[in-house]
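Structure first, then comments.
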Amino acid sequence: MKIFAIADTHLSGNPPAKPMSIFGGHWEGHWDKIRASWQEQVSEEDVVLIAGDISWAMKLPDALIDLNAIASLPGRKIIVRGNHDYWWQSVSKMTKAVEGKIEFLNNNFAIAGEWAICGSRGWTCPEDPLFKAEDQPIFDRELLRVEASLLAARAAGFSRILLMLHFPPFYDRNVEKGFAGLIAKYNVEICIYGHLHSESIKNAATGIINGAAYYLISCDALDFKVKQLI
């Protein structure tokens, strides 16, 4: 079993109702590029983690064309919510809608061999200059969700933990508190995240930081290819 990851697929039906090429020529046919990489690398025994911003749809029925496109590809799929995934509903509703072909993380974790896959959406960190007062309750709630996921994995006896977020876990490499504080507290080995695009990719924190391996997996940062993590 191998574990792959990608984020920010930003699908919008077929043909796409919102072509991503408006954000630059490199986005032209981006789903075709992702799908080709996926089919080339991923087998049915593998796991693919998708860290949010999956579909531009506003409601779950409208997102099904995109979710089913993902479900049709090889491997087991595990997803967290992104800030643009307005179609997101309860885990039970989403699981029923996709007939169990995709797993959704929300206050829970998934098992992949010796690894516990934990995760949630995350949110803009308080140190970010763009952080506003109305962001605080969302940030605090996401901290609770991430810790609930990590606690469940530890309670189940898992020592190897991979954390999947949509938002970056910290701003300006502040690794003392917030999500990075939880990563240290629960000895998370790998943290993956998306959300960052264009010029923001250049300044993304990646590599080994305080003992944890950080990977930016937004699809344009990966040249529209799934990334093998494990």
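Side chains included, hydrogens not; waters and symmetry mates left out as well; all remaining heavy atoms used. When a residue number appears, it is its place in the shown sequence, counting from 1.
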*Looking at I190, V146, I192, which one forms a side-chain contact (heavy atoms from CB on, under 4.5 Å) with L163?*
V146
*Output all residues satisfying ring-ring contact (aromatic ring centres under 6.0 Å, His included) with F4, sequence neighbours left out; order by chain, then residue number.*
none
_Residue list, side-chain contact (heavy atoms from CB on, under 4.5 Å) with I65, at least two apart or on another chain_ = none
_Inter- and intrachain pairs under side-chain hydrogen bond (donor to acceptor under 3.5 Å, both in side chains), touching residues 152-164, at least two apart_ = E114-R160, R160-E189
_Members sharing I111's hydrophobic cluster (side chains within less than 4.5 Å)_ = F109, F158
*Kindly write out the residues that satisfy salt bridge (charged side-chain N to carboxylate O under 4.0 Å, His left out) with R81, not counting sequence neighbours, or none if the list is empty.*
none
*In terms of the angle between their ring planes, are W38 and W31 parallel, tilted or perpendicular, with boundaries placed at 30° and 60°?*
perpendicular
*Give every residue pair that meets the side-chain hydrogen bond (donor to acceptor under 3.5 Å, both in side chains) criterion with at least one member in residues 219-228, sequence neighbours excluded.*
H197-D220
_With W87 via ring-ring contact (aromatic ring centres under 6.0 Å, His included) - residues at least two apart_ = none
_Once side chain to side chain donor-acceptor pair (under 3.5 Å) is applied, do any residues pair with T9, and if so which ones, sequence neighbours excluded?_
none
_Can you list everything that forms a salt bridge (charged side-chain N to carboxylate O under 4.0 Å, His left out) with E99? Sequence neighbours excluded, please._
K101
*With A7 via side-chain contact (heavy atoms from CB on, under 4.5 Å) - residues at least two apart*: A51, I217
*asked:* Checking N68 now: which residues fulfil side-chain contact (heavy atoms from CB on, under 4.5 Å) with it, not counting sequence neighbours?
replied: L64
_Suppose we screen for side-chain contact (heavy atoms from CB on, under 4.5 Å). Which residues come up paired with K202, at least two apart in sequence or across chains?_
E199
*D135 and K132 ion-paired at < 4.0 Å*: no
